[in-house]
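So the structure is just underneath, and the comments pick up after that.
Naming: A, B, ... by sequence-line order, numbering from 1 per chain. All values below were derived from every heavy atom in this structure, side-chain atoms included, with hydrogens, water molecules and symmetry-related copies excluded.
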2 protein chains.
Amino acid sequence: MVGRPWLHGRLRNAGFRLTLPRQAILNVFARNPKHLSAEEIFLSVHRNYPGIGLATVYRTLDLLTQMGLVFKFDFGDGRSRYELASEVIKEHHHHMVCTRCGQIIDYSDFMKKEIKFIKELEVELSKKHKFKINSHQIHFYGSCNRCQ
Amino acid sequence: MVGRPWLHGRLRNAGFRLTLPRQAILNVFARNPKHLSAEEIFLSVHRNYPGIGLATVYRTLDLLTQMGLVFKFDFGDGRSRYELASEVIKEHHHHMVCTRCGQIIDYSDFMKKEIKFIKELEVELSKKHKFKINSHQIHFYGSCNRCQ
DNA sequence: CAATTGGTTGATAATGATTTTCATTTTTAT
DNA sequence: ATAAAAATGAAAATCATTATCAACCAATTG
Ligand SMILES: [Mn+2]
Ligand SMILES: [Mn+2]
Ligand SMILES: [Zn+2]
Ligand SMILES: [Zn+2]
């Protein structure tokens, strides 16, 4: 899962170390596949490693995001939220955000169709705007089941 | 453009008034069709109306967003950015964000195709998740022309 | 018209997430 | 072992956004 040799190598190649705080933070993701805020991650890590500080959590999240191992999102609740990259553990998916209660729904129901569409679009956009596309986000906003 | 009777009526119906600060702020959008931050809007308004405060800018942006006249975005630079809703002046479009220089590109090149696709997807998702979809955002991240 | 009501505002303080600083510790290279 | 480079925790600083509150203004009522 997380904390394996390939991860270690991946960081090393970029000149970083797979330290204990970094492993601990990655393990939180592995245990809790949600959209976690920095504080939530800090609190979770803190139970097992009271020595690890909040600043380190922020630094690590930033590092993992830069390396593409973690995705950073803003769902509009005033704090950033993070999720393991599909490459690492979850399958690729998009989001629906309930603007009433804040619930976030991962969906991957029609991904084959979506991926195909996005792929084509990326090719056209890249060409037309000379823009190298690395990733994308699709968010639907509205009201969930319980909030209608 | 902005500040016309339909706008006035629109606000009145919701129990609000089209005051001078609100008009001034809407005029900034009309003059400057970019993705503006609250502070940028404040500074622009401030040149003509030094009396209008930053808090009022925030309040107004919030109001206009709630009313659907303005869209609020987070492009990852640590501040919210706002844009007139397509309904008001611009045509519907999506975004490409350069993660190196922060440039934001509006594109509406393949909108017919995209809208059609999104529409279908919304129907399927709404049904499957009992989720009422009101709006969506599509963001592509990568490096722009000059940043490759 | 005068009084009342409720929306609006500017100035200011407060909040809260994120970043920076800096001295110290840990790891790596020589 | 020694020097250089990374990483860390604690605390302070930053900075966008929100809350407070007294003053203001527009619409309504009698
Ligand atoms: Mn997700
Ligand atoms: Mn735009
Ligand atoms: Zn909801
Ligand atoms: Zn760029």
(request) Specify the residue among B/Ala55 and A/Phe16 whose closest nucleotide of DNA chain D lies further upstream toward the 5′ end. (result) A/Phe16
Integer-rounded Å distance: [N] [atom2] and [X] [atom1]:
X	N	atom1	atom2	result
A/Tyr49	D/dA7	OH	P	18 Å
A/Leu54	C/dA17	CG	C1'	9 Å
A/Leu36	C/dA17	CG	P	15 Å
A/Ile52	D/dG9	CD1	P	6 Å
B/Leu20	D/dC25	CG	P	12 Å
B/Glu39	D/dT14	CD	P	16 Å

Mark yes or no for whether [X], through its side chain, and [Y], through its backbone, hold a donor-acceptor pair below 3.5 Å.
X	Y	value
B/Ser126	B/Phe131	yes
A/Arg22	A/Arg17	yes
B/Arg100	B/Gln148	no

(request) Identify, with sequence neighbours excluded, every residue that meets side-chain contact (heavy atoms from CB on, under 4.5 Å) alongside B/His46. (result) B/Phe42, B/Pro50
(message) Suppose we screen for side-chain contact (heavy atoms from CB on, under 4.5 Å). Which residues come up paired with B/Ser37, at least two apart in sequence or across chains?
(response)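 So B/Ser37 forms a side-chain contact (heavy atoms from CB on, under 4.5 Å) with B/Glu39, B/Glu40, B/Arg79, B/Arg81.
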(request) State, with a plain yes or no, whether a side-chain heavy atom of B/Leu36 is found less than 4.5 Å away from one of B/Tyr82. (result) no
(message) Any non-hydrogen side-chain atom of A/His129 less than 4.5 Å from a side-chain atom of B/Asp109?
(response) yes
Which side-chain N or O atoms in residues 64-74 of chain A pair as donor and acceptor under 3.5 Å with protein atoms at least two apart or in another chain?
unit_1: A/Thr65; atom_1: OG1; unit_2: A/Leu61; atom_2: O; d: 2.7
unit_1: A/Asp74; atom_1: OD1; unit_2: A/Gly76; atom_2: N; d: 2.8

(request) Could you tell me whether B/Arg59 contacts a base, only the sugar-phosphate backbone, or nothing, with contacts defined as non-hydrogen atoms closer than 4.0 Å? (result)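 Counting heavy atoms under 4.0 Å across all strands, the contact made by B/Arg59 includes a base.
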(message) How would you summarise protein contacts on nucleotides 25-30 of chain C per nucleotide, using B for base, S for sugar-phosphate only and - for none, with heavy-atom distances below 4.0 Å?
(response) -BBS--
(request) Check whether any side-chain nitrogen or oxygen of B/Tyr58 sits under 4.0 Å from OP1 or OP2 of D/dT18, and answer yes or no. (result) no
(request) List in numerical order all residues of residues 61-81 of chain B for which some heavy atom is under 4.0 Å away from an atom belonging to DNA chain C. (result)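 Listed by number, there are none.
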(message) Please list all pairs meeting salt bridge (Lys or Arg N to Asp or Glu O under 4.0 Å) that have one or both residues in residues 57-71 of chain A, counting only residues at least two apart or in different chains.
(response)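 Matches after skipping sequence neighbours: none remain.
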